Amino acid sequence: AQSVTQLDSQVPVFEEAPVELRCNYSSSVSVYLFWYVQYPNQGLQLLLKYLSGSTLVKGINGFEAEFNKSQTSFHLRKPSVHISDTAEYFCAVSGPDGTGFQKLVFGTGTRLLVSP
Amino acid sequence: GAVVSQHPSWVICKSGTSVKIECRSLDFQATTMFWYRQFPKQSLMLMATSNEGSKATYEQGVEKDKFLINHASLTLSTLTVTSAHPEDSSFYICSARALLTGEYGYTFGSGTRLTVV
């Protein structure tokens, strides 16, 4: 079974500082990896995804993530955050799981708090 | 890009009544739809998965008679919370996965805040 671990429940950071949100996954097969952002009382918006190819993935809003197979990680980074980046961030994994559905499994989320 | 419309965005209902939540894929055909439940400040918990024209597959611990899912077409799935109780109050989110068109991904609805009083 696939699983995702987001080690930090909350990450406080000052505006214009860099940030890294950590994500580790567990799977016995090839996986697809995703990062989503959720603003209060809203659905999820895709930031970026890794399906194959280059391990450095660039997404929207200046975010990027690097797939590291040996460390089973997919950390999200942004070189300079804005107040508007304050939100909940979810790492997720999907892939062949024997059901045919390729369900998306989420981590517990990391709340990014950007202050002036 | 792919858009999923979820309605209503919020609903308040009396205990014992039923509530239906709709999830529509507007510009693509969704072979598979997923329904999630999210408690405050927590992650998304998958409730069930549905394929068009088939019965939904429920996750362990989810009452299929309470949370009725219908996926009647490639663009519409509904979740009905039957005989709702206050403990069913939560944020419900649907997600759709498209037919393989070279694009692999999941598109989420904007969620429904259900409050049972």
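As a basis for the values below, the full set of heavy atoms in this structure was taken, side chains included, without hydrogen atoms, waters or symmetry mates. All values reported here derive from a predicted model rather than from experimental measurement. Quick note on labels: first sequence line is chain A, next is B, and so on, each numbered from 1.
- With respect to chain A, the highest number of heavy-atom pairs below 4.5 Å among B:Thr107, B:Leu44, B:Ile93 belongs to B:Leu44.
- Neither the backbone nor the side chain of B:Gln6 comes within contact range of chain A, judged by heavy atoms closer than 4.5 Å.
- Using a 4.5 Å cut-off on side-chain heavy atoms (C-beta onward), A:Leu104 and B:Tyr36 make contact.
- By the 6.0 Å contact criterion, NZ on B:Lys66 is enclosed, its count of non-hydrogen atoms from other residues, nucleotides or ligands being greater than 12.
- For the options B:Gln42, B:Arg113, B:Gln38, heavy-atom pairs under 4.5 Å to chain A are most numerous at B:Gln38.
- To the nearest 0.5 angstrom, B:Ser9 atom OG is 10.5 Å from A:Gln42 atom CD.
- Residues A:Val114 and A:Tyr39 fall within the same hydrophobic cluster, defined by Ile, Leu, Val, Met, Phe, Trp and Tyr side chains chained together at heavy-atom separations under 4.5 Å.
- Side-chain rings of A:Tyr36 and B:Tyr106 stay apart, their centers remaining 6.0 Å or farther from each other.
- A chain of hydrophobic side-chain contacts below 4.5 Å, direct or via other Ile, Leu, Val, Met, Phe, Trp or Tyr residues, connects A:Ile83 to A:Leu112.
- At a threshold of 4.5 Å between side-chain heavy atoms, the hydrophobic network of Ile, Leu, Val, Met, Phe, Trp and Tyr places B:Leu46 and A:Leu44 in one connected group.
- Within the 4.5 angstrom heavy-atom criterion, only side-chain atoms of A:Phe90, from C-beta onward, approach chain B.
- Under the 3.5 Å distance criterion, the side-chain polar atoms of B:Ser43 are matched with a main-chain donor or acceptor of A:Gly107.
- In the hydrophobic clustering of ILVMFWY residues, with side-chain heavy atoms under 4.5 Å counting as a link, B:Val4 and B:Leu79 come out apart.
- Within the model, atoms NZ of A:Lys103 and OG of B:Ser95 stand 13.5 Å from one another, a figure rounded to the nearest 0.5 Å.
- Under a hydrophobic clustering in which Ile, Leu, Val, Met, Phe, Trp and Tyr are joined whenever their side-chain heavy atoms come within less than 4.5 Å, directly or via other members, B:Met33 and B:Leu74 fall into different clusters.
- The part of A:Gln38 that comes within reach of chain B is its side chain, from C-beta onward, which places non-hydrogen atoms under 4.5 angstrom from that chain.
- Residue A:Phe14 qualifies as open at atom CZ: its count of foreign heavy atoms under 6.0 Å is 12 or below.
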